[in-house]
Structure formats: C-alpha cells, structure tokens
Amino acid sequence: MTEELDPKIFVDERNKIFFDSIIEKGIKIKLTKILNTEHQLNLKTWYCRPQKDYFCLSFYIGNDSIEYFTHELLHVYLLSKGFVDTNKFKALLSDSPYGEMLLPLDLVGHINNVFAHEKMFPLYIESSFDKQNFTSDYANVPDIYRKEIEDNFQNNGLPNDGILYFIASFYTCMDNKNGSFKDMVREHLNFLSTLEINLFEILNINWNNWKNETDVSKNKQQISELIKNITNWYKNKLKND
C-alpha cells in the first residue's frame, strides 16, 4: 500500500536546480510513501524506479528525508544528462562470451550505481548537503566478502562467487565515502591486487577512466569495455590454469 505525495515537499533552494532541470526536459517525477513495512529489514532504503513515462521515487513511512530524496533525484538528473540505465546493458551481456556468467546484470547494476555515485557525490556536497546522509549505509562496514573470494576464486567453473565478489568488492571500495573505513579499504584492495593483479588492473584502469570522464553518457561505453576486458582475462585464465 502506498500514498502518493507531491515531490515538491522535498525540494528547497539546495536541490531545486536539479529538480527544475529534470522537469524542464519533460521528465515526470512521482513520489510515493510505502505504508506497509512488514518484513523490511532496512526502512531507510529509498528507491528510484523508471516507469514507462516517469520516474517513481519511493520511501518507507517514517523515513522522510530531503537528503535521500536528493540522492534519488540526482540519479534521475544523471539519466536526464544521458547516463545509461542498467537495463540497457542486457544485450551487451548476452552478446559477450561468458558475459552473463562473469558479470550478471545485478553485478553490472552495482558497478553502474557506483559509477553514478561518483558523479553525483560532488553535486550533492556542492549543494551543501552533509556527506553522512548521502547513502543510508554510510556508517555501515562495507561488505567485501573476503572469505567467499578466498574460498572460490581459483575455481574455473562459472558462475564463480570468488570472481563475482572480487569484482563487486573492488567497486564497493571505490564507492566508500566514509573515511572511517579507509584502512579496511586499503587492506582489501591490497588483498585483491595480491590475489590476481591482472584482474585488479583491469578494474583499476576502468575506474580511473571513469573518474576522469566528464561525459556521463559514456558509462555504457566504459562498462562495455570492462565486460570485454574481463571476458578476455577469464579466457586467458582458462588457458593458463
């Protein structure tokens, strides 16, 4: 059960420029409050779901937050500037050998979300919002799944949890804005690079390329290149093992 609200209740002088830019492009935004919270573990979660002709921003009752609203608004803002939605990547994965096994759509979605955050965060900070409210899990220890990586990475079969968590945890480290975990992040990145330097370098080059990219519409191109490079890495791994 949901209640539809006027999205302008979360618009003020800090985020109005993004809201107005979106509306001026003819993009509609619907805001809904989710009233049923049964079985939900994280009630701080907000959602941004593209619909046929509008974007629906949703949140759970009791979690009214202009900061989290602005976070989701910035996702829509990036999309209005040409950032490519994850669902548009399905063909890239199905056309690539091993693509859907090495990089399932959920993992590509994680990477694409981290890509978006990298471009959103400076806009959020420049708009005088507190970085601690950029994401609902800001204060949580990052999920890096080191044991799963250690236990499974050297297996050649697909899907391989070790490879999946290796890739996912790299981008989780890149996404972490909380300086309290910088030592943990540094240690984990060192672990990844020691375990498999070639895959680590593929991810690192991809990330640095994206950080230096000023055209947000190039995210699909960057992830397409990533899929190709990881696929080639896996083929070489099979040959050499």
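It should be emphasised that the depicted structure is a prediction, and the values quoted were computed from it without experimental measurement.
The shortest side-chain heavy-atom distance between N176 and M184 does not fall under the 4.5 Å cut-off. L73 is listed as a side-chain neighbour of I29, based on a closest heavy-atom distance under 4.5 Å. Taking 4.5 Å as the limit, some side-chain heavy atom of S136 sits within range of a side-chain heavy atom of N42. Between F19 and K8 there is a side-chain heavy-atom pair separated by less than 4.5 Å. Contact annotation: the side chain of N15 never approaches that of S127 to less than 4.5 Å [non-hydrogen atoms, C-beta and beyond]. At least one side-chain heavy atom of L238 sits under 4.5 Å from a side-chain heavy atom of Y98.
Ring to ring, H188 and F191 are close: their centroids are under 6.0 angstrom apart. Under the 6.0 Å cut-off for aromatic ring centres, F153 and F166 qualify, their centroids lying closer than that. Taking the six-membered ring for Trp and the full ring otherwise, F10 and W46 have centroids separated by under 6.0 Å.
Between F129 and Y124, the angle of the ring planes stays under 30°, which puts this pair in the parallel group of the 30/60° scheme.
Judged by the 6.0 Å distance and 45° axis criteria, K177 is positioned over the aromatic ring of F121.
The residues K147 and E150 are annotated as not salt-bridged, no charged nitrogen and carboxylate oxygen being separated by less than 4.0 angstrom. Look at D12 and R14 and you find a salt bridge, because one of the NZ, NE, NH1 or NH2 atoms lies within 4.0 Å of a carboxylate O, short of that distance. A salt bridge between K131 and E67 is absent, with no side-chain N of the basic residue lying under 4.0 Å from a carboxylate O of the acidic one.
Residues S180 and N178 have side chains that bring a donor and an acceptor to within less than 3.5 angstrom of each other.
In the hydrophobic clustering of this structure, Y68 does not group with I61; members are Ile, Leu, Val, Met, Phe, Trp, Tyr whose side-chain heavy atoms approach within less than 4.5 Å, directly or through other members.
Applying the side-chain hydrogen bond (donor to acceptor under 3.5 Å, both in side chains) rule to pairs touching residues 203-214 yields Y171-N206, sequence neighbours excluded.
Residues satisfying the side-chain contact (heavy atoms from CB on, under 4.5 Å) criterion with R49, sequence neighbours excluded, are Y47, Q51, S58.
Only one option out of I230, I111, L189 pairs with L203 in a side chain to side chain contact (heavy atoms under 4.5 Å, CB included); it is I230.
Hydrophobic side-chain contacts under 4.5 Å tie Y54 to no other Ile, Leu, Val, Met, Phe, Trp or Tyr residue.
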